[in-house]
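Below: one structure, written as C-alpha cells.
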Amino acid sequence: MADGTESESRKLLRRLREEMASEAAGQERLDRITHLIADSMASEVCSIYLFRDSETLELCATEGLAPESVHKTRMRMGEGLVGRVAMYSKVINTPDAPSAKGFRYMPETGEERYSSFLGIPIQRLGEKLGVLVVQSREAREFSADEVYALEVVAMVLAEMAELGAFVGEGAALSPLHQQSVVLTGGPAQEGSAEGHVWLHEPRVVVTNPIAEDPHTELERLSEAVEELRVGVDKMLEMSQDGDKEQLQVLEAYRMFANSRGWMRRMEEDISRGLSAEAAVEKEQSQARARMSQVSDPYLRERLADLDDLSNRLLRILTGQGNNIGAELPPDPILVARNIGPGDLLEYGRALKGIVLEEGSVGSHATIVARALAIPLVVHTGRITTEALNGDHILVDGDQGVVHLRPEDTVVGAFRDKMAMQAKAQERYASIRETLTETRDGHRINLVMNAGLMADLPSLESSGAEGVGLFRTELQFLIRNQMPKRQELVAQYARVLDAAKGKRVVFRTLDIGSDKVLPYMKHVAEPNPALGWRAIRVGLDKRGVMRMQLQALIRAANGRPLTIMFPFVAQAEEFHAARFEVDKTIAREKRLGHALPETLDVGAMLETPSLAFAPQKFFDEVGFISVGGNDLKQFFFAADRENELVRRRYDTLNVSFLTFIERIVERCGISGTPLSFCGEDAGRPVEALCLAAMGMRTLSMRPASVGPVKSLLLRSDLGEIRKIISDARHRGEQSVRPAVMEWLRNQT
Ligand code: PEP
Ligand code: MG
C-alpha cells in the first residue's frame, strides 16, 4: 500500500482476514497484525494502543518500537498524540511529531528516531476502542490515500475487537461485554431494580467486515439503499398530511438516502475491501464521532438523522436488529439510547427498570416512566454499546447509578438495600387504611398526582384519598396528533370509574414551557417558562379549551366534577376561564347531556402575583392549589429545569415558608379550600413543614403517600411550628437544620 492503490489495500485486508481465521491467540494475533500493517504501509513502525479502562490507553502490540514497552507504556485519554487521537476521535498526521501540539515523549519506546506520525482512532459506533499508529523515520506527511486506507484497517480492527478476535491467552484485551461496568447518570424516577438487559434496539453484529468480491458488495449496498429509499418515500407519502416536523425529519432522511457523497464514500470503502455492512458502519462511526464534537443543534440533529438512517440500512443488510419474536428476559430492564413515550407505554409495567443513554428528566419517556413508577436513570452515556441482551444489571433510580454485570459484593449490598426498601414498603402498607392525623389532632388529607390511566391503580395501593392533580396534558403529550373529543370523553370517564367516587381534580391542558405538543405549531420564545403556556394558551385557543371542558362534562355524566385551571396569574384569567365553563355547561344542557351533580372550579397558584389578588377572587374561586414547582421557580427566579440553579434555594427557606403562610391566611379569611400539589408535597420533611404552615391537603406522587403519612402520624404540628418560628426569630435562612435536629432527637 506504499503506493496507496486500492488493490494493495484489498490485499492487506485479505491478509487481515486470514489472520482472523487463524488459530492464533489474542496477543499473537495482534503482533502479527502490526507486522502486516507496517509491512504493507512500508513504514518502520506500526503500533496498536487499546483502552484498558475508559481513561487509559495501553500499547498492546508494536512492530518497530521497543518490545519491552508493550503492556508497559500507558497514557491517559488526551495525553500525548495517541491520547489526543482517542480523545478527539480525530486523525493526527504530522511529518514532525516532536513539534506537534500535545506531543509527549515516551522514552521506553525508543520512538525518538521516528519523525512522522499517523494516528487513527479505532472506534465502533461511537465506542472508543483504541488508536492505530504508524510512524517512520523519514519526515513526511502521509498521503490522503494512505490515511484513508488506514481508516479502513482501523475499522476492521474495531470489528475484530467486537468479535473477540484479540481475546485469549496473553491477550491484550479482556473480553468485551464481560467486565463489570458502573455508569452514572441522572436519577429520573426513584426506586431500585435488579434484572436483565433488554435492548430496545439490539446492536447489529457485523461478522464479515472484509469482503473478497467488491462487485457483489456494491450490488448488495445498492439494493439495500434502494430498499431504504423506497421505505423512506413510503413513510413520506403516509405522513403527507401529518405534522410538519415529522415531515422535515423524513425529508432529511430522503436527502441522505439520495446523497451522492454518502454513497460515494461507502462505495469507496467497499472498493478498499470492506463488506457493505462494514462500509455503512465506518461512515456511521465517523458521523457519530463528529456528532460528539459539534455543538450546533441543527447539525447535531442532521447527524442524528444520518445515524438513524445508517441503522436502518444495517438492519436491511444484516436482517438483524429487531427484537421481533424474541422473548423478554425475566425481570427485564429496558436499555435504549432514547425511547418515545408510545413505545414505552407498549412495554408498560412488564419492565422492572429503564436506563437511557440520553433522555432527560423532563422528557415524555420520563413522564411515562414516572407514571408507571418504574425506576429510571437517564443520561448514562455509552450503555447501549456496553450492554448485551440478557446481561445482569442493577438500576439505582435514587442515586442515578447503573451496575452492569456487577460483582457479587455489589449485588449483595444492592439486595440488602432493596430488602430495606421492601421492609419500609411493608410498613407503609400497614398504615394504608389509617387516616392521617398528627399527634396534636390535625387531620391532613393526602391525595395523589396522576396523569395516565396507568396511575389509577395506585389510588388503592398507596392509600391516597383522591387525585389532587390529574395532569391532562400527558394524554396529549404522548400522542402524535390531537386527541379527538370522543377519545377524551372515554379516557376521563375511565379515570372517574377507576376512582370509584373519590374526588379527582382534573387540571386543564397545561402545555407550553417545557411541555411541547409535537403536533402543535411551535412558537420560538425567548423565555418559554415565562411565555405562552397553560391558561394563556387555553384562553387564546378557546376551541381546544371548550373541547376539553365538553369532554370532562360528558365523562362525568351526572357525577361530581372538579376542574382546575393552571398558571392563573391574575383574577381576570380565572373569570374568563370560568365563563367558558358556564357557557359550555349551558350548551351541554341545550344538547341534552347530563350535567355534573356538583361542579367545583379552582385555580392553581403558581405565580406570586395571584397570592396578592383582590379578596373578591378568593371569595369566588372554588379552591386553590399551590403549584409549588412553578411557584418556587418564580419566587426565587430560579429555572426549575436548569441544573445550575434548580437546587439552589431551599423550600424550607424562611421567606418561602412565610409566603406560603400568607397564602394560607388569605384562603383562611375567605374559607377557600387550599392544597399544595408540587413535588415538595411528596418529600416528608417538606410536607411536614407545609402542614405546620397550615396546608391541610397535600397532593403527591403515589409512592410518597406512605413515607409522608408515616412521618405526619408521628409529629406534632404545634411543635414544628414553634421550631420554625424560633428559627425565623433567630434570623436563619432556612429552617431545615432546626427541623432536622428535632427529628433526629425524636428517634
Ligand atoms: C407545579 O408547578 O407545581 C405543578 C404541580 O405543575 P407542573 O409540575 O405540572 O408544572
Ligand atoms: Mg406548574
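Excluded from the calculations below are hydrogen atoms, water molecules and symmetry mates; all remaining heavy atoms, backbone and side chain alike, are included. Just so you know, ligand 1 is whichever comes first in the structure, and atom 1 is the first atom listed for that ligand.
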Atoms in ligand 1 with a heavy atom of G628 nearer than 4.0 Å: 3 (O)
Interfacing atoms of ligand 1 (cut-off 4.0 Å, heavy-atom, G678): 3 (O)
Under 3.5 Å side-chain donor-acceptor pair for Q550 and R485: yes
Separation of E580 CD from F565 CZ (nearest 0.5 Å): 8.5 Å
Counterpart residues, side chain to side chain contact (heavy atoms under 4.5 Å, CB included), relative to V664 (two or more places apart): I660, L674, M695
Greater than 12 external heavy atoms within 6.0 Å of E460's CD: no
Per-residue contact class, Q633 against ligand 1 - non-hydrogen pairs under 4.0 Å: neither
Between F635 and F659, ring centroids under 6.0 Å: yes
Atom indices of ligand 1, in the order listed, that fall short of 4.0 Å to a heavy atom of D630: 1 (C), 2 (O), 3 (O), 10 (O)
Winner among E473, R507, R533 once heavy atoms are compared against atom 6 (O) of ligand 1: R507
Closest to atom 2 (O) of ligand 1 among E606, K632, E679 (heavy-atom distance): E606
Spatial distance of atom CE (M547) from atom CD (Q486) [nearest 0.5 Å]: 11.0 Å
Element-labelled atoms of ligand 1 that are located less than 4.0 Å from some non-hydrogen atom of R471: 4 (C), 5 (C), 6 (O), 7 (P), 8 (O), 9 (O)
Contacts of the Mg ion (ligand 2) with protein N/O/S atoms, counting only those under 2.8 Å: E606 OE1, D630 OD2
D726/K722 ion pair, N-O < 4.0 Å: yes
Any M604 heavy atom less than 4.0 Å to ligand 1: yes
Exceeds 12 heavy-atom contacts within 6.0 angstrom, atom CZ of R349: yes
Inter- and intrachain pairs under salt bridge (charged side-chain N to carboxylate O under 4.0 Å, His left out), touching residues 672-681, at least two apart: E679-R701, D680-R683
Exceeds 12 heavy-atom contacts within 6.0 angstrom, atom CD of E487: yes
Ligand-side contact atoms (ligand 1) for residue partner C677, heavy atom cut-off under 4.0 Å: 5 (C)
For L469, atoms of ligand 1 separated by under 4.0 Å from a heavy atom: 5 (C)
Contact (N/O only, under 3.5 Å) between R640 and ligand 1: yes
Sequence-distant partners of F623, ring-ring contact (aromatic ring centres under 6.0 Å, His included), two or more places apart: none
